[in-house]
Amino acid sequence: MKKNALFSLFALTGLVLLIAAASPVAPGLKVGDKAPDFKLKNVDGRMVSLAGMKDVKGYIVTFTCNTCPYAVMYEDRLIELHKKFAPKGYPVVAIQPNDPEVQPGDAFEKMQARATDKGFPFAYLFDEGQVVYPQYGASRTPEIYLLDKDLMVRYTGAIDDNAQDAAAVTTRYVENAIAALESGKNPEPSFVKAIGCTIKTKKK
Amino acid sequence: MRKTIFWIFLLSAFSVHAQDTIGSMTPKGGQIAQRFVGHIPVFEKYDVLEPVLNVDNDTTYIINFWATWCAPCIKEMPYFEQLHRAYQGQKVKVILVSLDFSRQLESKLLPFVTDRKLEPEVIALIDHDYNSWIDRVSPEWSGALPVTLIRKGAQRQIVLEEFSSYEELENIVKSFVNL
């Protein structure tokens with residue numbers, strides 16, 4: 001009996017360890033979580049926060065950068081998203097999370113240059129010191145967090161289902177998610193994975 | 001025309017086979033690829049590639065998802081080349097699954113592989129419906145490149161970032177080989 005109890009204890013400890021090892025450490029925001037606000041420097045030099053945006057019903061928070069080919073392929077589509085949905089209360093808020101010491105092409109001055117060249121109509125913010133992206137649990141560029149006006153995450157993941165060819169897109173996940181919010185529904189799907197570039201950090 | 005395609009197919013399949021020095025070392029991705037760019041088998045759908053990546057035998061597979069445009073992927077490429085050479089003749093197989101864009105297979109991927117004389121098997125996967133297959137590689141994978149799956153039979157380990165040294169890669173591979 002004693003042996004049995006000891007064995008159970010062992011098994012239980014093993015199980016707990018196994019579970020601890022299996023769960024990914026980075027928590028990250030999931031659909032239904034409240035996203036933290038931030039105050040980050042925009043390419044125009046001004047500090048931008050979500051709370052500072054007026055007359056909004058939600059936010060298309062997008063982790064993106066200058067240097068990832070996937071991010072570049074989505075630049076024009078981000079511009080279109082903003083032009084279409086900012087007037088309806090859903091502005092794109094782009095955040096560049098890479099460490100410029102690792103990825104010099106993503107330095108603040110380079111961000112300014114890119115924003116000017118492309119004529120970004122949305123805020124393009126620098127996550128200086130890489131403080132914000134870990135709070136969101138973002139892992140790649142580009143990656144979307146669609147928030148409602150209470151900053152609750154309602155959709156996260158890809159913009160659409162064809163990064164390489166905008167003309168061949170069949171499902172526009174972010175547009176569909178906004179349409180769902182507008183009609184008082186939960187976006188379905190609410191989480192879509194896609195290929196992207198790792199967020200660049202110094203090796204610890 | 002049809003005959004030509006058949007011969008290209010047969011030759012390619014044969015050349016892939018010829019490189020495979022150990023008979024048990026399936027998969028031979030070339031035999032079921034939908035088409036080829038140079039000698040590189042191209043898979044339009046993950047569904048077709050999946051059985052190749054999940055073949056069940058006693059070989060340790062190191063499956064690296066990469067692209068020529070992915071700087072950290074190129075940085076760790078020497079480790080996979082070194083591993084491939086160090087374990088030749090053993091039950092260890094490196095498969096480099098390129099996620100290069102379909103329109104750049106000829107202009108970017110093929111020259112990279114040829115100029116570098118890349119020895120491990122290279123496969124191109126151009127299934128752009130990523131959400132349909134990323135989780136099947138590993139639910140833990142966000143989709144960020146590079147990512148490496150090391151597996152033998154049902155044992156699997158996913159490495160979600162680039163290796164910082166050859167030793168880091170080899171230590172994991174060794175633990176699988178010794179299983």
Side-chain angles (χ1 to χ4, degrees), chain A residues 21-26 28-30 63 65 67-73 97-99 102-106 133 136-144 155-171 173 189-204, chain B residues 42-46 49 64-76 97-105 107-109 112 124-148 155-165 168 175:
Chain A
S23 16
V25 192
L29 296 178
K30 294 197 173 48
F63 291 90
C65 66
T67 49
C68 175
Y70 275 91
V72 172
M73 287 190 287
N98 288 338
D99 182 345
V102 183
Q103 190 64 273
D106 285 320
Y133 94 76
Y136 277 70
S139 63
R140 61 179 167 80
T141 56
E143 190 170 357
I144 298 271
Y155 169 84
T156 175
I159 294 167
D160 58 43
D161 67 355
N162 197 327
Q164 298 178 42
D165 187 358
V169 166
T170 55
T171 311
Y173 300 115
S190 58
F191 174 51
V192 174
K193 287 191 179 182
I195 296 296
C197 305
T198 48
I199 291 174
K200 304 295 184 285
T201 57
K202 286 190 199 74
K203 283 268 176 188
K204 282 169 195 100
Chain B
V42 179
F43 290 82
E44 320 258 344
K45 287 281 157 212
Y46 183 75
L49 179 61
N64 170 247
F65 291 85
W66 68 291
T68 58
W69 50 258
C70 164
C73 304
I74 303 308
K75 212 171 135 201
E76 68 172 357
V97 181
S98 157
L99 299 178
D100 273 88
F101 312 129
S102 45
R103 62 174 179 277
Q104 293 184 344
L105 297 182
S107 60
K108 293 270 168 66
L109 178 62
F112 178 88
L125 174 63
I126 54 169
D127 189 344
H128 63 76
D129 189 8
Y130 302 121
N131 193 54
S132 69
W133 60 267
I134 286 176
D135 276 345
R136 284 148 68 188
V137 175
S138 168
E140 291 166 67
W141 182 25
S142 70
L145 292 184
V147 73
T148 304
Q155 301 290 327
R156 304 162 74 88
Q157 182 172 344
I158 185 104
V159 179
L160 299 169
E161 54 182 3
E162 70 261 34
F163 293 94
S164 50
S165 69
E168 191 188 353
S175 70

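- Looking at P72(B) and K200(A), their side chains come closer than 4.5 Å, going by heavy atoms from C-beta outward.
- With R140(A) contributing its side chain and S142(B) its backbone, the two residues share a donor-acceptor pair below 3.5 Å.
- Summarising the geometry of C197(A) relative to W69(B), their closest heavy-atom pair is SG-CZ3, 3.4 Å, with the distance given to 0.1 Å.
- Of all the listed residues (L160(B), L145(B), I134(B), N131(B)), the one sharing the greatest number of non-hydrogen pairs under 4.5 Å with chain A is N131(B).
- Looking at heavy atoms from C-beta onward, D135(B) lies in side-chain contact with K193(A) at the 4.5 angstrom threshold.
- By the salt bridge (Lys or Arg N to Asp or Glu O under 4.0 Å) test, D127(B) is found to be paired with K45(B), residues two or more places apart in sequence or in another chain being considered.
- With chain B as the partner, the residue from T170(A), T171(A), I195(A) showing the most heavy-atom pairs under 4.5 Å is I195(A).
- Using a distance-only test at 3.5 Å, with no hydrogens or angles considered, no donor-acceptor pair links the side chain of H128(B) to the main chain of A163(A).
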After noting the C-alpha distance and the side-chain angles of Q164(A) and S102(B), does the key distance pass the side-chain contact (heavy atoms from CB on, under 4.5 Å) rule?
CA-CA 8 Å; Q164(A) 298 178 42; S102(B) 45; 3.2 Å; yes
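- For W141(B), the parts lying under 4.5 angstrom from a heavy atom of chain A are both the backbone and the side chain.
- Contact annotation for A158(A): neither backbone nor side-chain heavy atoms come within less than 4.5 Å of a heavy atom of chain B.
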